[in-house]
Each structure stands twice: as C-alpha cells, then as structure tokens.
> 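Here it is, the structure, as structure tokens.
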Amino acid sequence: MSTPVPRQSLGEWLISEQPASRNQARLGQIWRTWVLFSGNRLGMIGLGIVVLLVLVAIFANVIAPYDPLLGGDLRTERLLPPSWDHLMGTDDLARDIFSRVVHGARLTLLVVALVAIIATPIGLLVGTVSGYFGGWVDTLLMRITDIFLAFPRLILALAFVAALGPGIENAIIAIAITSWPPYARLARAETLTIRNAEHIDAIRLQGASAPRIIWGHVVPLCLSSVIIRVTLDMAGIILTAAGLGFLGLGAQPPQPEWGAMIAGGRRFIIDYWWVATMPGIAIFAVSLGFNLLGDGLRDVLDPKAEK
Amino acid sequence: MNPLLSVENLRIAFPSRQGPVEVVRGVSFSLGRERLGIVGESGSGKSQTGRAILGLTPVTGTATADRLEFDGIDLRNASPRQWRKLRGARMSMVMQDPKFSLNPVMTIGKQLMEAVKLHGGKSEARDKSLAMLEAVQIRDPERVMAAFPHELSGGMGQRAMIAMMLVTEPDLLIADEPTSALDVTVQIEVLRILDRLVTERGMGLIFISHDLRLVSTFCDRVLVMYAGRVVEELDARRMDEASHPYTRGLLNCLPTITGDTRPLPVLARDDAWLE
Amino acid sequence: MSTATSLAEGRPRALPAILGKAIRLLATIAVTIFGLLVVTFLIGRVVPVDPVLAVVGDRASQSTYDKAFVELGLDRPLYVQFGLYVEKAVTGDFGESLLTKKPIIEDIARAFPATLELATVAILIGTLFGIPVGVWAAVRQGKLVDQVVRIIGLMGYSAPIFWLGLLGLLLFYAKWGIVAGPGRIDISYEYAFTPTTGLFLIDTAMQGQWAAFRNVVSHIALPAALLGYFSMAYIARMTRSFMLNELAQEYVVTARVKGVAEWRIIWVHALRNAAVPLVTVITLSYASLLEGSVLTETVFAWPGLGQYLTNSLQNADMNAVLGGTLLIGIIFVGLNLLSDFLYTVLDPRVRRRS
C-alpha cells in the first residue's frame, strides 16, 4: 500500500471522505460497518462464540486432554460424573466427553463450511440466471425452486440421506441440496433490480456476453445479501445436521458428532444426565452464537429487512 | 374574550447524532374562533407545531412551552385521560393523505362511528355519521359507509376524513396540508366544503400549508414560518404589506397572468433570518 | 368520479379476477405436486435398497425374483415407471410397508391424527403467547421487555429440540413427576374410549372419559409446550416487527386524534392490520411443526407421522419414507394455499381489488 500521505493515522485514512483508491473506499466501508457492529453487544457475543468455535476446532488436538475416540478403562472410568479430571464426565465407553465435544467442533465447522460452499453457488447461479434472462428460463427455474421449497427441509434431507445412505458426507450433501432455494429466491430478487440498471446496459452495449455480465457484474452485487442470509441460516444448518446425527443418519459412531452423542447418551439420561446434556450445550451455544452474529449483522447492514 | 388557544414559546427538539436539534424554536400565537394559516416550506416546523398542540409529538421528540392552553386547560401536563377527552371531542386534525391516514382494514363507517361512540353517542352513531357524510357532500353515504378506504378516490377519502374529524363537532380543527395529496380539480371542492363547515359551526381552524396564496384566500390571519420560527404575522387581506424578505420572496415566486415575470425569481434565503 | 359508479364498476369485474386467480393457483399446486412426485420418484430410484428384494425377501428364488421384477414394472423404461408411480400415487397407493405389512396409506392415516393433535395444540400455544408477547415487545421497543423477548426468541431458535425434549423428560417426568412420560396415553386408558377422530383430546372429552382426558393432557403437555415454545419464538418476533411497522403508520395518528385509547389503537387498529401478514407466518409455522415433529416424536415416542418416518428410515422401508414425505409435502402445499386464502379474507385490499 503506497499511500502518499503517511502522516495520516490509519483511522483517519479509513474514514476519509475522499478515498484515493477503490480499495481504500472498500476498506473504509468495512471499517464503518465494523464500528457500527461493534456497538451491538449481543452481536459481539455471537462473534466471540463463533471465533471461539473456530479456535477450538483448529486447536482441538491441543485443547482436548484425552483421545476423543479411545476410551479409558471400561471397568473404572465408565459414565463418570463431571470432575476436574473429566470436565464433562465420561460416556458409556469411558471416553472423555469434553475431548469429544472439542473434537466435535471440527465436524460442526466442517458441516457449516461445506454446506455454505455447496449451497451458496447453486443458489447464486440459479437466482442470477433466472433473474437475468427472465421469460421461460425464469419460470422453469423458479418452479423447480418452489418444488424444493414445498418440502419441509429436514424431511427432504431425511429422504435424501435415506437414499444416499447415512454418513456425514451424505448428510452435508442432503442439507446443501435442501438449503439453496431461499438463496436462489434472494439472488433473483436482487438481480431483477440490477438487471436494468444503466451500468449493466453500458456493459451490454460494449458487447459483453451474458455469462460475463452475470459472473462479473451481477453476482458481485448479489453476493453480500446472499452471504448475510447464509450467515443467518448457519444456526439452522447446525441444528439440521445435529438432528440428522441424532436420528443416526449423519455422522456415524465413533465420530464425535454432537447430535449423535446426544443420541448415544439418551439411554442413560435418567441416571447419567451429563452424557446427553453436554453435547447439547455445545450445539445450543454455537447456534446461539451464529444467531446472535447474524442478527447483529442484519441490524447493521440491512436495518429494514426484518424477515 | 379569552382566546380558544394560546401558545407561548413553543419549542420542539429531536435528538440527533450531533445533540438535540430544535425544529420549532419559540413559536407563539393565539387563536380565537377564526381561521389561522401557517405557511412555510417543508422542514419549517409547521406540521410539528400542529401536532404538538394535539400532544402528538413523536415519542423521540420533546415539546416544551411557557404556555400551551386550550380553552383554559393547560395542555402541558395533561394526563392521557384528559387528552383522550380533548382529542376528537374538542380538537381534531385532518391529515395530508387519506391513503395513509385511514385505517385500510376498517370500513369508513366503522371508523366514523368509532369517533362518535368514543365521545358518547352510541345509539345515534349511525345516523350522525350518515348525516355528516351528507354534510361533506357525499351523495351516497350508505355506500361509502360500507366501503374500505382503498375503494374511494382521494377526494372522497379526504371528505370522509373531514367528516370523521368534524362529526363530534370539535371547537378546533387543525388541517395539515389537507389538499396537497389531491388532484387540483378536487382540491378546490374539498376546501370549499371545509370552509363552509368551519364557518357554519364557528370553529377555530389552523390551516397548515406551503401554499401562501391558497392560505391567504382562505384564512383570516397568516403566520409565516421559516426554520422553526415565525418570521411574520399578517392579515390575510393585506398580504401586500408583508415586510419580511422571505414572505416577499414567497409572494414573488407566484406567477401572475398579467405581469411578465420571466424568469421566475428564485426564493432567496438568508442565514440572518435564522436568528 | 363519484364512489357510486366506481363501486358499481368494481363488482362485476371482481368475479373474473377471482376466477383467474383461482386458476393460476390451481396450476401452481398441480405443478408443485407433480414436482413432489418427480423428486420422490427419483429418490426412490437412486436408493441403494433393491425394491424387488424388499417385496420378495432375500431368500427368494431367481424365478420369483424375476417375476416380481416384471410385476413391479422395473423392466420398462423410466418414464413408464414414473407414469405407473403417479397413477398409483393418485389413487393413494404407495405400496405396502415392509415393517407393518400394511398398505402405507393405512399406516399414515393412523399416524397422522397424532401428529395433527400435537401440532395443533403447539400452534395454539405458540399463537396465544407469541402474539401478545410480540405486541408487548413492539410497544416497548428497545426497553428491557423487548430485549428479554428477543433473547428468549433467539434461544428458541438455537436450542436443538430433541435435546430440550430429553432434558424436559429428565426433569418434568423422571425427577419431578409433573407430567406423564413418553407416548400419547397410558396403556390402562387406551381402551377406555373409542378413537373416532383419532384426536385423543377430542375423543376422550366427547365420550366423557375425564380420567383418560387428564391422562392425555398430561402426556401431550410437555411435547406441545416445547413445540409451542419454538413457534412462539418465531411468531413473537414476526408480530413485533409487523407491529412496529403498523404503529408507525399515519392511521395510528388519526386514531389518536380521534381520542381512541392507546390499548384500542394497539390491539384493534394496529393488530388488525398486522394480522394480515401474521396469518402467513402462523400457517407457515404450523407447517414447520410437522417438520419439527420428526425429532420431537422420536424423543417422546409419539406414534405420529414423524416417528413413522424415522422408523421406516431406520429400517430402509423406502415406500413408507417416500409416501410419508409426499404426504407431508402435500400438506405443506395445502397450508400454503390456506394462508393465501386467509390473506384474501383478511385484507380488503386483496379481497375486492377494483
């Protein structure tokens, strides 16, 4: 960054009314959003939880005191209540629940990330193409979208998993297949407002092809609202994945997936409450974190769209 | 004789990022059973003045005054109960656009009769409402009673609104730009109805508008507001005697059929008038 | 110019408009249901479970297998198979369940009232609490109440329902014994009445079996309260935002000018307007309760559609899964239709478009 005015402080440079470059304007915009967002206490708590989740996932090996898959002595260390040795107790296979919850953060993050990576582009593509071309393309694509929306999400995911076979990969695919339609709707709505903008006309007159206009000019403008929507959905994705895990259709044992862990602890809930309770707290905290974060983001970026 | 309404040093402030901003800065006037016009451009504080008299300053704002009296009642510390007795029964307001000021999911009849019933008159609510609709020259009042607001034209809607506000025979009516949302052809008609009813019933009227010429033909007295202050008070019949440059500017902006005013002069503003 | 003429004009034109709308609506439903059939058909084809083995069992001879293969139409082209599938689905024939050995439609007919009863009680709880809470939060926007409602709502969005269900059973049933345990009714009451409607609350009440009725209430209380909490969170949030929007409208000022009391402005003038979009919210959340029921019913051993689906899934009973999925999809479409219809009833602007 070769800013010619070095004496300016970074803060001033960021909020400058006359940005010297596109990057400065963009960074300034991000900075202003951040300043607004950081005033939102609940949003900041959410951000903190999400950052914590990422850190825990990265450093799971360091944080977890025991192996998440191998249990201790089955005679003496089964179903121990929470103590200093085992912060969240142990399960029926004498595994340390805390270590399993910590490693489960990786699976949760993996699910969220992969679903977002698969579903967002599908939604964007369907929505922008549909909105840009209009006509029968639009009708066809939106009909398909409506059909997917007509199914309750979890039930469609269930049916897909049933067809594909249980497992975390298939659960991810099933959730992704069922989560793109709202993004397509949103991207289409945004595209409709952009489609006839004059700068798009200008590009069209320069002879740009439709794919080029959609990819280079329409998609970037739809991206931010779709990303907010994806963030808002992340808690739902986590809950769906946990639900599939609970029904035995997601991650398979002995993987430390939170939903499956609750299902595992269900049999002992009355005498050994911690086995099912602890992973549930983890799911609750993480999805609350995503919800708070999404809520705060929406307040800042889109105060009117209280959907 | 005691005035119907007296206002002294009315101030209305709204919070903003740079601290409170006063949109009305010390307005004083008094009103008998006469027609008073308040003229000013948008943002001059004329509408907020009107709403403050009815105690309808938005919750974010604060209105203060040295004196705010309606028929001997101090409005500054009126309880919600007192307000409910005053509003509708003794003072009311016609707002700009019937598209927004009428409740879209209630029939006109229901809204009209609600006003009557609130101030004692349950049994004759229907007859009174019908009579009032006739008084605002609606030829088919039964039909209009059963209609929803979106089924009426703008002029019809505004007549219904006037009927609703006058059916309780209040002493004071505030009309806040009552014709600006209407077609020009309908404007005059609605104004004539309003004028006749106000005169017949001997009410006080505060007519808020941005149209100086309209106000001067329609009112007895005119207050000219600029940036939250009253810059000039005039007798409507002697508009030519206006001395303040802002008023003169407003008058000169109007084209006349005989005079050759091309180009139309631009309205001048001076920071000195702010004080 | 006058209203008399404009109203008179409005009437005769209204009929074709409604007809056109109805036709468009029917077309949408037809296309959507067709889509549902395509999706369930395709899922059924890619499933790794062999449909022939499912019918004849895995110890059948090759000739029996081949016969069944032809009988099921699996030797024909895909579109013919799809045609057969649609034909059967239209007549309500989804095949036989592997688990119960009964036609799936019968199984579903038996399971559905349980789900319906649970979802209905839950939506009543959600609506009766959600709307007042949402209105209260809107009226006290930014105040403590508003914040608390917001947090309670966000918590409702964030908690896994099956986990809350387990904790609820642990505390309210096992530890404190306030409510009855899993299931719809204790076995001792099961034959105390005839299940005419399948809705046990109504059946027991109509037959005057009050002991059984109390037992049913005690069973349904916890799962319904839980599902009700989730829909309450959603309904309250939406009510709040619709009410904020309505309370900022000019007609609210008009009502104040008329001297209408504040409670009446809120609960009659503004809420009546907010009710229009709220109806959609409530029907949609009613629909999503069917979805939530899959997990809740599993936890509470509730013999409804959700549990039937999960059981079938775990036993690879594809016919039952697809039949159930299709049915829930159709109910979804139906509820969407209902919300459209109620919208029309509640909003005079849609009802009589002139």
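Being a predicted model, the structure only gives us computed values, none of them experimental. Chain identifiers are assigned alphabetically (A, B, ...) following the order of the sequence lines, protein sequences preceding nucleic acid strands; residue numbering begins at 1 within each chain.
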> Under a 4.5 Å heavy-atom cut-off, does chain C meet the side chain of Met165(B), its backbone, both or neither?
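The side chain, not the backbone.
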> Looking at Phe14(B), I'd like to know if its CZ atom is crowded, meaning that more than 12 non-hydrogen atoms belonging to other residues, nucleotides or ligands lie closer than 6.0 Å.
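Enclosed: over 12 neighbouring heavy atoms sit under 6.0 Å from CZ of Phe14(B).
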> Contact part of Leu102(B) toward chain C, heavy-atom cut-off under 4.5 Å: side chain, backbone, both or neither?
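The backbone, not the side chain.
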> Counting a contact as any heavy-atom pair under 4.5 Å apart, which residues of residues 132-154 of chain C contact chain B?
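Not one residue of residues 132-154 of chain C has a heavy atom under 4.5 Å from chain B.
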> To the nearest 0.5 Å, what is the distance between CD (Glu114(B)) and OG1 (Thr254(C))?
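Going from the CD atom of Glu114(B) to the OG1 atom of Thr254(C) covers 10.5 Å.
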> Can you confirm whether Phe129(C) is buried at CZ, in the sense that more than 12 heavy atoms of other residues, nucleotides or ligands lie under 6.0 Å from that atom?
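No, not enclosed.
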> Pick whichever of Met95(B), Lys99(B), Met161(B), Met93(B) has the most heavy-atom pairs under 4.5 Å with chain C.
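Heavy-atom pairs under 4.5 Å are most numerous for Met95(B).
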> Testing the basics here: between Pro348(C) and Pro104(B), what is the closest heavy-atom pair and its distance to 0.1 Å?
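Residues Pro348(C) and Pro104(B), closest heavy atoms: CG-O, 3.3 Å.
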> Looking at CZ of Arg87(B) and CZ of Arg256(C), how far apart are the two atoms once the value is rounded to the nearest 0.5 Å?
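Interatomic distance, Arg87(B) CZ to Arg256(C) CZ, rounded to 0.5 Å: 7.5 Å.
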> May I ask you to name which of Glu262(C), His269(C), Glu246(C) has the most heavy-atom pairs under 4.5 Å with chain B?
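The option with the most such pairs is His269(C).
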> Please enumerate all residues that pass side chain to side chain contact (heavy atoms under 4.5 Å, CB included) together with Ala122(C), with sequence neighbours excluded.
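With neighbours one apart ignored, the set is Leu227(C), Leu289(C).
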> Measure across Val105(B) and Leu346(C) and return the closest heavy-atom pair with its distance rounded to 0.1 Å.
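Scanning both residues completely, I find the closest heavy atoms to be CG1-O, 4.3 Å.
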> Where does Arg51(B) contact chain C at under 4.5 Å (heavy atoms): side chain, backbone, both or neither?
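Side chain only.
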> Under 4.5 Å between any side-chain heavy atoms of Val268(C) and Met106(B), yes or no?
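Answer yes - side chains close enough.
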> Rounded to the nearest 0.5 Å, what's the gap from NZ on Lys258(C) to CD on Gln111(B)? Could you check?
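If I round to the nearest 0.5 Å, the distance is 5.0 Å.
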> For atom CZ of Arg192(B), decide whether the heavy atoms of other residues, nucleotides or ligands shown that lie under 6.0 angstrom number more than 12.
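No.
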